[in-house]
2 protein chains.
Amino acid sequence: MASARTDLYQIKEKMYVATDCIIFGFDSGKLKLLLFRRRVEPLRGEWSLIGSFVRLDEDIDVAGHRVLKEITGLDKVFMQQLKTYGKKDRDPGYRCISVAQYALIRIEEHDEQLVEEHGAHWFEIDDLPELILDHRQMVDDVLAQIRQNARYRPIGFELLPEKFTIPQLQLLYEAIYQKKLDSRNFRKKVLSLNVLEKLDEKDRSGSKRGAFLYKFNYKNYQQLMDSGYNFEIV
Amino acid sequence: MASARTDLYQIKEKMYVATDCIIFGFDSGKLKLLLFRRRVEPLRGEWSLIGSFVRLDEDIDVAGHRVLKEITGLDKVFMQQLKTYGKKDRDPGYRCISVAQYALIRIEEHDEQLVEEHGAHWFEIDDLPELILDHRQMVDDVLAQIRQNARYRPIGFELLPEKFTIPQLQLLYEAIYQKKLDSRNFRKKVLSLNVLEKLDEKDRSGSKRGAFLYKFNYKNYQQLMDSGYNFEIV
DNA sequence: GCAAAAGTGTTCTACTTACACCCATGA
DNA sequence: TCATGGGTGTAAGTAGAACACTTTTGC
């Protein structure tokens with residue numbers, strides 16, 4: 001008995017491990033994803049998430065950051081593991097599992113030229129092209145997870161510039177949840193959390209009157225979380 | 001430029017992919033984990049989660065179910081992916097990533113003899129031995145995730161017998177959240193969700209008077225979820 | 001008759017929701 | 001002066017939290 005089991009456990013077979021990055025940006029009131037045309041066979045030329053094989057001497061999350069840096073020029077972005085896709089026949093040809101990770105970037109900070117060089121484009125989330133393999137599934141899964149998480153974690157702030165206005169923040173949440181929010185209630189709610197710092201500057205790009213800029217206060221947020229508070233925005 | 005990137009992307013190196021199963025049970029009012037003494041070198045004899053290499057012709061989730069079946073004799077258990085652990089040096093000797101999955105089983109249904117044969121034991125979650133590698137991290141992560149998820153998904157029911165009483169359900173939630181709940185409020189809340197079906201039988205194992213048994217109604221639960229309701233128990 | 005767990009309702013509070021008008025500014 | 005988006009307060013409704021006693025039954 002035990003030896004049968006031990007045998008089974010000892011079947012060691014190696015496989016390829018890839019990571020696919022689901023890169024989010026927020027621009028002109030729209031939530032967007034960065035996709036590119038695959039450069040290698042098979043399926044060359046098809047739209048795809050941006051991925052890479054994970055190297056033997058590389059942590060998986062490091063691989064994700066490497067990909068991100070190569071494509072966007074950005075370091076130190078917010079990135080989180082979504083899920084690992086490991087159906088045996090998900091990739092035609094050879095066995096390859098993929099650890100999907102998602103990144104939230106400040107779209108105005110990325111290197112547009114680099115993105116172009118790689119044949120990558122931003123797509124609005126409700127207008128995506130067909131994607132290869134199980135990438136569409138990954139996108140559906142990440143949207144579900146973000147909608148779930150954004151309620152309780154302030155991940156939205158990662159997508160905005162360092163300084164942002166309340167109307168911008170509201171637009172972002174509206175884009176994530178795909179519904180209109182009441183501006184009075186929204187403002188009341190986010191301000192009551194005490195994680196926003198009002199600045200003396202205004203942003204006048206959205207209106208003549210201008211809206212006050214705010215910064216996210218990570219320290220207060222950490223305190224709020226440590227206190228066990230059930231942060232909920234939407 | 002582009003060719004440099006293409007080169008980098010094409011570095012294909014294979015690695016071992018394992019899965020570790022975090023197996024939960026609920027017994028005598030305590031939340032428990034199934035651990036076993038590792039049978040292979042290195043670290044033979046140390047306490048460990050139960051895992052296996054994923055085979056080339058096997059889906060990752062199938063590998064998890066295989067492990068579970070081998071150890072507990074159970075099929076068709078609730079199992080969900082937690083996270084993939086992929087630090088390059090997490091496993092001494094060779095590069096091996098691990099996809100952690102957690103399972104919730106009805107402890108009274110498992111095959112005790114099989115468990116014993118494999119040198120496995122149930123431990124209360126607040127009294128775990130030292131674990132190998134990053135398994136302690138996995139356990140901490142899974143507890144955080146379960147506490148998060150159990151608020152909105154009825155995963156608790158997977159740990160109870162098919163027929164259970166409200167006091168049993170409450171004990172389970174108290175074990176998950178490690179705090180006392182008010183029985184009047186708890187009962188009111190779970191019954192108001194309309195996902196429990198009251199049976200005509202009583203369970204008298206817990207008291208002389210006996211408590212009515214209930215069944216979980218998956219259909220109503222599905223409806224509740226589809227309606228977008230924000231299920232929250234604790 | 002008593003010990004031990006099951007079962008039940010009400011009040012208070014806090015949060016969410018709904019809702020409409022004035023303000024500041026540039027053109 | 002007017003068009004545009006920014007900013008504000010209040011009242012009603014709803015859900016959560018706090019709280020203590022009665023019921024059933026085996027021993």
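Naming: A, B, ... by sequence-line order, numbering from 1 per chain.
Partners of B/Asp140 under the salt bridge (charged side-chain N to carboxylate O under 4.0 Å, His left out) rule, at least two apart in sequence or in another chain, are B/Arg136. Scanning for salt bridge (charged side-chain N to carboxylate O under 4.0 Å, His left out) contacts around B/Glu162 gives an empty result, with sequence neighbours left out. Under the rule for a salt bridge (charged side-chain N to carboxylate O under 4.0 Å, His left out), B/Asp126 has no partner lying at least two apart in sequence or in another chain. The ring pair (Phe, Tyr, Trp, His ring centres under 6.0 Å) check on A/Tyr218 picks up A/Phe216, with sequence neighbours excluded. For B/Arg37, the salt bridge (charged side-chain N to carboxylate O under 4.0 Å, His left out) criterion is met by no residue, not counting sequence neighbours.
Looking at which nucleotide of DNA chain D each of A/Gln168 and A/Asp182 is closest to, the 5′-most match is held by A/Gln168.
For D/dT8, neither phosphate oxygen OP1 nor OP2 lies less than 4.0 angstrom from any side-chain nitrogen or oxygen of A/Arg184.
Going from atom CG of B/Asn185 over to atom P of D/dA17 covers 7 Å, rounded to whole Å. Atom NZ in B/Lys179 sits about 12 Å away from atom C1' in D/dG16, given to the nearest Å. In this structure, B/Phe186 places its CZ atom 14 Å from C1' of C/dG7, rounding to the nearest Å. Rounding to whole angstrom units, CZ of residue B/Arg187 and C1' of D/dC21 are separated by 15 Å. Rounded to an integer number of Å, the gap from CG of B/Leu181 to C1' of D/dA18 is 14 Å. Straight-line distance from the CD atom of A/Gln170 to the P atom of D/dG7: 11 Å, rounded to whole Å. When the C1' atom of C/dA6 is taken as reference, atom CG of B/Leu191 falls 13 Å away, rounded to whole Å.
If you check residues 199-206 of chain B against DNA chain D, the residues with a heavy atom closer than 4.0 Å are B/Arg204, listed by number.
Each of B/Asp20, B/Thr84, B/Asp134 was scored for a side-chain hydrogen bond (donor to acceptor under 3.5 Å, both in side chains) with B/Ser98, with one residue passing: B/Asp20.
Taking 3.5 Å as the limit, the base of C/dA24 and the side chain of A/Arg209 contain no donor-acceptor pair of atoms between them. Under 3.5 Å, the side chain of B/Lys208 and the base of D/dT23 form no donor-acceptor pair of N or O atoms. Residue side chain B/Lys188 reaches the base of C/dT10 through a donor-acceptor N/O pair under 3.5 Å, judged by distance alone.
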